[in-house]
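I have placed the structure first, in the form of C-alpha cells, so that the comments after it can refer back to it.
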Amino acid sequence: MFSHIFVGASDFERALAFYRPLMDVLGVQARFCQYERPWAGWQSAPDPRPLFLVGRPFDGGPPAPGNGLMVAFLAQDRATVLRAHEVALLHGGSTEGAPGLRPAYHPHYFGAYFRNPDGNKLCVEERG
C-alpha cells in the first residue's frame, strides 16, 4: 500500500543518532545515507518497499510535526517494543505512552508511543 514515509529532521546528525539505534532494535536494514543531501533510508524486508526516510525537508524549510500524524513500526515481540521505547528515550526522544497493553484498541494490543527529537510522534507495536 505504501511506497515510503518521509519524516523531516532539523538536525540530520541528531536524527541519525536517534533512528539508527531504533532501527537496529527493530531489525530494519539501512538502505542508504547521503550526508550531502542530507537524507537516509531504511527498507522493509524481504521487499525493498515501503521505505522509511528521514532528512531535511525538500523545500528547505523547517520540519514541523503534523497534528494527528503518527508513524507506527511493527516489532517481533513485546521485548522489542520495550527495548525500542528505551532506546528512543536514550537517544533524545520523549515518551507519549509507556509500553503496555492497550485493550481499548483490542485485547492483545501491546505498544509504546514516543516523539523523536523534532517532535514527530512514533509508535512501536507488537506484531501480533
Side-chain angles (χ1 to χ4, degrees):
M1 176 188 282
F2 295 104
S3 167
H4 62 277
I5 296 169
F6 185 95
V7 174
S10 61
D11 180 327
F12 186 62
E13 291 294 332
R14 182 179 71 179
L16 286 178
F18 178 83
Y19 283 108
R20 280 181 168 156
L22 178 62
M23 295 301 174
D24 286 347
V25 167
L26 297 173
V28 181
Q29 178 184 359
R31 181 163 175 184
F32 67 88
C33 182
Q34 296 176 341
Y35 287 91
E36 65 279 3
R37 186 164 180 181
W39 70 327
W42 291 262
Q43 70 183 46
S44 300
D47 299 320
R49 290 193 183 257
L51 293 171
F52 178 76
L53 308 164
V54 62
R56 184 173 51 217
F58 183 76
D59 67 3
N67 185 26
L69 176 68
M70 179 179 64
V71 176
F73 297 101
L74 287 174
Q76 291 298 324
D77 51 38
R78 292 180 183 186
T80 304
V81 173
L82 293 166
R83 181 71 182 136
H85 187 260
E86 177 184 0
V87 165
L89 300 185
L90 286 172
H91 291 89
S94 59
T95 190
E96 283 285 318
L101 287 168
R102 305 286 193 298
Y105 301 152
H106 68 70
H108 304 289
Y109 184 95
F110 190 89
Y113 298 86
F114 47 90
R115 292 192 183 266
N116 73 5
D118 280 304
N120 294 289
K121 190 172 182 182
L122 305 170
C123 170
V124 175
E125 64 182 67
E126 176 186 23
R127 180 187 312 254

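Heavy-atom basis, side chains included; hydrogens, waters and symmetry copies ignored.
The nearest pair of heavy atoms linking Phe12 to Cys33 is CZ-SG, 3.9 Å. Considering every non-hydrogen atom in both Gly92 and Pro117, the closest pair reads O-CG, 3.7 Å. Nearest heavy atoms, Leu89 versus Ser94: CD2-C, 3.6 Å. Closest approach of Pro57 to Gly61, counting heavy atoms only: CG-O, 3.4 Å. Closest approach of Ser10 to Arg14, counting heavy atoms only: OG-NH2, 3.0 Å. Nearest approach of Pro99 to His85, heavy atoms of both residues: CD-ND1, 3.5 Å.
Residues Phe18 and Met70 are members of separate hydrophobic clusters, defined by side-chain heavy-atom contacts under 4.5 angstrom among Ile, Leu, Val, Met, Phe, Trp and Tyr. Hydrophobic clustering (ILVMFWY, side-chain heavy atoms < 4.5 Å, transitive): Leu82 and Met23 are in one cluster. Under the 4.5 Å side-chain heavy-atom criterion for Ile, Leu, Val, Met, Phe, Trp and Tyr, Leu101 and Val81 are members of the same hydrophobic cluster. Cluster membership check: Leu26 does not share its hydrophobic cluster with Leu51, using side-chain heavy-atom separations under 4.5 Å among Ile, Leu, Val, Met, Phe, Trp and Tyr. Trp39 and Leu16 end up in different hydrophobic clusters when Ile, Leu, Val, Met, Phe, Trp and Tyr side chains are linked at under 4.5 Å.
Ring pair Tyr19/Trp42 is tilted by interplanar angle, where 30° to 60° counts as tilted. Classification of the Tyr105-Tyr113 ring pair by plane angle, with boundaries at 30° and 60°, yields perpendicular.
Aromatic rings from Phe58 and Phe6 are positioned such that their centres are separated by 6.0 Å or more.
Remark: the Ser3 side chain and the Arg49 side chain contain an N/O donor-acceptor pair separated by less than 3.5 Å.
Of the inter-residue distances, the one linking Leu22 atom CG with Asn116 atom CG reads 9.5 Å to the nearest 0.5 angstrom. Taken to the nearest 0.5 Å, the CD atom of Glu86 stands 12.0 Å off from the OG1 atom of Thr95. Distance check: Glu126 CD to Leu74 CG gives 10.0 Å after rounding to the nearest 0.5 Å.
At least one donor-acceptor pair closer than 3.5 Å links the side chain of Ser44 to the backbone N or O of Pro50. Under a 3.5 Å cut-off, the side chain of Asp118 and the backbone N or O of Asn120 do not form any donor-acceptor pair.
Side-chain contact between Ile5 and Phe73 is absent, with no heavy-atom pair separated by less than 4.5 Å. With contacts defined as side-chain heavy-atom distances shorter than 4.5 Å, the pair Arg31/Pro48 qualifies. In this structure, Thr80 and Val124 have side chains that are not in contact, with every pair of non-hydrogen atoms separated by 4.5 Å or more. Side-chain atoms of Phe52 and Val71, non-hydrogen and from C-beta on, do get closer than 4.5 Å to each other.
Within 6.0 Å of NE2 on His108 lie no more than 12 heavy atoms contributed by other residues, nucleotides or ligands.
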